[in-house]
Amino acid sequence: METKTNLLDRELSWLDFNARVLEEAYEKENPLMERMRFLAITASNLDEFTMVRVAGVMDMAESKRTKVSPAGMTAEELLPLLDRKIRDFVERQYSCLNRSILPQLEKNGIRFITADQLTNQQKTHVDAYFDKVLFPVLTPMAVDRSRPFPMLANKSLNIVVRLQEKKDETETDKKDHKKSKKAKEAFAVVQVPSILPRFLELPEAKEDKNGVKQRSFILLEEVIMAHMASLFELHEIISCSLFRITRDSDLSIDEESNDFLEEIKASIKKRKTGRPVRLEVETDCDDEALQFLQEMLPIEESRVIRVTGPLDLTLFSKFASIPGCSNMCYDPIIPVAEPADFVGYEDVFAAIRAHDCMIHHPYESFNVVVDFVRAAAEDPDVLAIKQTLYRVSGNSPIVAALMRAAENGKQVTVLVELKARFDEENNIHWAQKLEKAGCHVVYGLSGLKTHCKILLVVRREEDGIRRYVHMGTGNYNDSTARIYTDLGVMTCKEPYGSDASSLFNVLTGYSRPPRYNRFVTAPIDMRPFFREMIEGEIACAAQGLPSGITAKVNSLVDPEIIELLYKASQAGVPVKLIVRGICCLIPGVPGLSENITVHSIVGQLLEHSRIFRFECGGKPRIWMGSADWMQRNLDHRVELVFPIEPELMPRAEEILEVMWNDNVNTRVMQPDTSYQLVDRRGSRKLNNSHRTFSDMAKSASQQAQKQFEQVQQTTEFKVHQSMEQN
């Protein structure tokens with residue numbers, strides 16, 4: 001446990017989370033291709049962590065800032081701990097690949113081979129692929145006095161080539177060969193083209209003893225290095241070494257700029273040329289080539305990581321989806337097309353008028369939300385649509401529907417958050433398209449990210465104007481909605497419609513933040529709200545009333561919230577936390593947090609919903625929303641949490657209960673900050689919450705359909721009976 005206070009450092013805690021994901025790659029009970037996918041996820045996670053968090057710690061350490069983190073460490077103290085933990089983690093990644101996953105792949109008839117293992121037939125195939133496809137794309141870049149070291153893209157895969165000039169040697173030349181050798185050496189760089197697939201399947205005639213055809217693959221860099229001589233015909237190849245650089249990608253944005261959009265674009269360009277913060281090379285990288293790279297980049301030895309296998313393990317994300325391997329993948333979780341709350345209604349507006357609706361993704365289809373926007377876009381009675389967009393997919397049906405609404409004459413207002421990290425370019429693209437379609441596009445409030453998830457539809461009806469609201473815990477993104485667990489609520493109750501209108505007025509104009517009827521928003525109200533709720537549970541415990549706190553968040557970092565939870569534990573309040581990622585709170589410490597239990601669920605789906613339950617003296621209340629318990633969410637973002645009304649409370653309670661009792665995907669945080677798989681002893685059966693929720697959604701939809709059919713039959717019978725009497 002690396003801590004000097006009652007808090008665990010957030011960066012070290014994040015690495016612990018990534019280690020839990022890596023455990024899923026080691027888990028032999030998981031399907032083999034899913035294990036590869038988990039391994040790829042850990043690599044992608046580590047890339048982003050290095051580009052942003054490690055780069056930030058490096059900056060602080062180099063500036064000699066003595067600021068101490070809530071965990072009691074300066075950046076100079078933290079950096080070597082991070083470096084050590086990252087190196088240990090990378091070793092475990094490659095151990096998992098080389099000792100566990102690749103041998104299991106071979107047992108299943110799939111193998112990666114090198115150029116010297118090719119059969120004659122395979123060599124002919126690879127030669128043809130190089131000549132026809134690869135050679136025209138490759139650009140060898142020599143490095144000398146007239147040609148400086150190229151600016152290499154962040155996370156790009158490259159080959160450094162150590163060369164020696166060819167020359168017909170006379171006897172004199174041969175005598176002076178050793179003296180002149182060093183002067184004749186040169187270096188070049190060849191980029192592995194990212195536009196082409198990283199792996200190539202080869203023709204394979206072998207079959208195993210069961211008659212199953214074997215499959216062989218070769219990596220693109222292997223093909224290039226095997227044909228490197230054809231790129232440098234005037235030189236001899238001394239060595240070829242694969243390398244990959246990671247650059248500082250934390251944007252610095254001037255929010256006071258006169259043209260905020262152009263400021264974001266300029267910052268994105270800087271990200272591509274940020275200083276190198278990590279250099280990855282293969283273990284057998286040529287020493288002279290490595291020294292050359294370190295001088296050219298430049299990058300110090302402590303930032304160099306040697307690996308025993310292919311660089312950039314994110315390649316296995318695509319490999320895990322190769323055709324013909326469905327037997328080595330999870331059974332897909334197929335969303336219910338018609339969630340129970342919408343069965344039997346002619347349209348989405350009728351369903352929401354009848355009752356508040358809850359949608360649980362991905363178990364229930366995100367198309368319900370998409371269809372809501374589409375229906376609003378085409379409905380002649382809809383006057384206005386207002387929506388926040390934080391991260392959207394590359395081909396977003398939500399954006400298409402908003403554009404259609406504007407074309408149909410609706411008043412469409414969209415807040416597009418341009419500062420959504422690594423989605424800036426995508427969001428700029430959609431913002432510009434929305435503007436061209438006639439939507440009113442705003443970019444949020446200066447100094448704050450707009451992270452809340454809300455959609456408002458204003459509709460003219462017989463009894464006047466009615467406002468329909470969708471509030472969620474996740475992004476309006478149809479792609480991530482297939483793998484992220486999130487919750488959404490739709491309502492047309494007036495207090496929510498009024499609050500939604502007020503919130504959009506704050507976001508788009510100069511309105512003063514109002515006193516909301518139901519909403520709790522950051523950065524003004526949310527911190528005091530959670531403080532009040534936790535202190536309320538402490539007061540209940542002191543009075544002998546029922547007390548308890550259950551929270552499901554992605555991250556728990558905020559020092560004040562953690563101290564309040566410690567205080568609640570010491571007062572006897574039972575605290576149950578489901579924290580997927582970073583958790584700076586340390587549970588189970590006598591006298592401090594013995595009444596706090598922390599679970600982390602890591603499995604087939606990515607846990608993303610935020611839910612907060614407070615016992616309130618025996619009259620429990622639940623809120624859901626967009627905010628984690630982090631300083632950035634409570635103080636530096638526009639966030640929204642909303643209460644669950646009584647009619648939806650039983651379902652919300654059930655969702656929390658199922659997650660808390662998960663004994664397949666859950667790890668329990670220990671007082672020493674390690675995590676252990678939940679103890680299954682005494683369990684009657686396995687409870688995989690992801691599968692349980694999928695079954696629940698299907699069952700609820702089927703039950704609702706049966707009830708609807710029964711009502712229809714009864715109605716038809718009564719009508720028929722009435723007609724006979726008449």
Side-chain angles (χ1 to χ4, degrees), residues 11 15 18-19 21-22 25-26 36 39-51 53-55 57-58 79-103 112 114-116 143 149 152-162 187-192 198-199 218-222 224-226 228 237-248 275-316:
E11 318 300 356
L15 288 171
N18 212 28
V21 181
L22 183 58
Y26 271 103
M36 295 196 84
L39 183 63
I41 289 169
T42 68
S44 176
N45 287 348
L46 188 59
D47 282 348
E48 184 170 336
F49 182 74
T50 302
M51 290 187 289
R53 305 304 306 183
V54 174
V57 175
M58 286 174 60
L79 191 58
L81 296 178
L82 287 177
D83 287 343
R84 184 182 69 202
K85 204 158 186 172
I86 288 172
R87 289 179 187 279
D88 290 345
F89 179 81
V90 170
E91 283 185 19
R92 281 184 283 141
Q93 281 181 309
Y94 282 89
S95 176
C96 177
L97 175 68
N98 296 321
R99 298 184 182 183
S100 185
I101 291 177
L102 292 181
F112 284 90
T114 56
D116 57 2
V143 179
F149 191 82
L152 302 174
N154 184 30
K155 299 190 293 182
S156 63
L157 202 61
N158 299 276
I159 302 167
V160 58
V161 188
R162 189 170 157 223
F187 289 95
V189 173
V190 178
Q191 188 163 342
V192 178
R198 179 80 184 277
F199 49 86
I218 190 169
L219 293 176
L220 199 60
E221 58 264 30
E222 280 282 337
I224 297 171
M225 289 192 282
M228 195 65 78
I237 309 295
I238 300 175
S239 70
C240 295
S241 302
L242 201 66
F243 72 97
R244 181 173 182 258
I245 59 171
T246 310
R247 297 185 180 277
D248 182 346
R275 67 161 182 168
V277 293
R278 179 180 62 176
L279 170 63
E280 297 168 275
V281 297
E282 295 172 301
T283 302
D284 58 357
C285 177
D286 182 271
D287 289 340
E288 285 80 1
L290 178 56
Q291 184 179 351
F292 167 75
L293 290 175
Q294 288 181 243
E295 291 174 357
M296 292 294 104
L297 286 171
I299 193 166
E300 57 193 50
E301 180 65 31
S302 62
R303 309 257 64 84
V304 178
I305 295 182
R306 295 176 181 265
V307 301
T308 53
L311 301 186
D312 189 9
L313 297 177
T314 62
L315 80 97
F316 292 118

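Keep in mind the model is a prediction, meaning the values are calculated, not measured.
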Query - Gap separating the CD1 atom of I41 from the CG atom of L313, nearest 0.5 angstrom - result: 12.5 Å
Report summary line: When rounded to the nearest 0.5 Å, the distance separating CG of L157 from CD1 of I245 is 11.0 Å
Query raised in the report: Measuring from C285:SG to L279:CG, what's the distance to the nearest 0.5 Å?
Result: 7.5 Å
Query raised in the report: Are side-chain N/O atoms of R278 and T246 paired as donor and acceptor at under 3.5 Å?
Result: yes
Query raised in the report: Taking N18 for the side chain and T42 for the main chain, is one N or O donor matched with an acceptor at less than 3.5 Å?
Result: yes
Query - More than 12 heavy atoms from other groups under 6.0 Å of CZ on R87 - result: yes
Query raised in the report: CZ of F89 to CD1 of I86: how many Å apart, nearest 0.5 Å?
Result: 9.5 Å
Query raised in the report: Donor-acceptor pair, Y94 side chain versus P310 backbone, under 3.5 Å?
Result: yes
Report task. List the steps, then state whether side-chain contact (heavy atoms from CB on, under 4.5 Å) holds for L219 with L315. Result -> CA-CA 10 Å; L219 293 176; L315 80 97; 4.2 Å; yes
Report summary line: d(Q291 CD, M296 CE) to nearest 0.5 Å is 10.0 Å
Query raised in the report: Does the distance from a Lys or Arg side-chain N to an Asp or Glu carboxylate O, for E221 and R198, drop under 4.0 Å?
Result: yes
**Report entry** Taking every non-hydrogen atom, the tightest pair across T50 and V54
**Finding:** O-CB, 3.6 Å
Query raised in the report: Passes side-chain contact (heavy atoms from CB on, under 4.5 Å), V304 versus F243? Steps please.
Result: CA-CA 10 Å; V304 178; F243 72 97; over 6 Å; no
Query raised in the report: Does any N or O in the side chain of Y26 come within less than 3.5 Å of the main-chain N or O of S100, such that one atom is a donor and the other an acceptor?
Result: no
Query - Minimum-distance pair of heavy atoms, taken over all atoms of E222 and A115 - result: OE1-N, 3.2 Å
Query raised in the report: Taking all non-hydrogen atoms of both residues, which atom of S302 and which atom of E300 are closest, and how far apart?
Result: OG-OE2, 2.9 Å
Query raised in the report: Which heavy atom of E288 sits nearest a heavy atom of D286, and at what distance?
Result: N-OD1, 3.0 Å
Requested in this report: Grab the two heavy atoms, one from I237 and one from V161, that are nearest each other, plus how far apart they are.
Outcome: CD1-CG1, 3.9 Å
Query raised in the report: Between D284 and R306, does at least one N-O distance fall below 4.0 Å, as a salt bridge requires?
Result: no
Requested in this report: Indicate the atoms forming the closest heavy-atom contact of M225 with C240, along with that distance.
Outcome: SD-CB, 3.6 Å
Query raised in the report: Once you round to the nearest 0.5 Å, how far does CD1 of I101 lie from CG of L39?
Result: 5.0 Å
Report task. Using the side-chain contact (heavy atoms from CB on, under 4.5 Å) rule, take F187 and L293 through it: C-alpha gap first, then chi angles, then the decisive distance, then the call. Result -> CA-CA 10 Å; F187 289 95; L293 290 175; over 6 Å; no
Report task. Measure the shortest side-chain to side-chain distance between K85 and L82 over non-hydrogen atoms and say whether it is less than 4.5 angstrom. Result -> no
Requested in this report: I would like to know whether M228 and I159 meet side-chain contact (heavy atoms from CB on, under 4.5 Å); could you show each step before the answer?
Outcome: CA-CA 10 Å; M228 195 65 78; I159 302 167; 3.8 Å; yes
Requested in this report: On the 0 to 90° scale, with breaks at 30° and 60°, tag the F292-F149 ring pair as parallel, tilted or perpendicular.
Outcome: perpendicular
Query raised in the report: Is a donor on one side and an acceptor on the other found under 3.5 Å between the side chain of N154 and the backbone of R247?
Result: yes
Query raised in the report: Are side-chain heavy atoms of R275 and L297 found at a separation under 4.5 Å?
Result: no
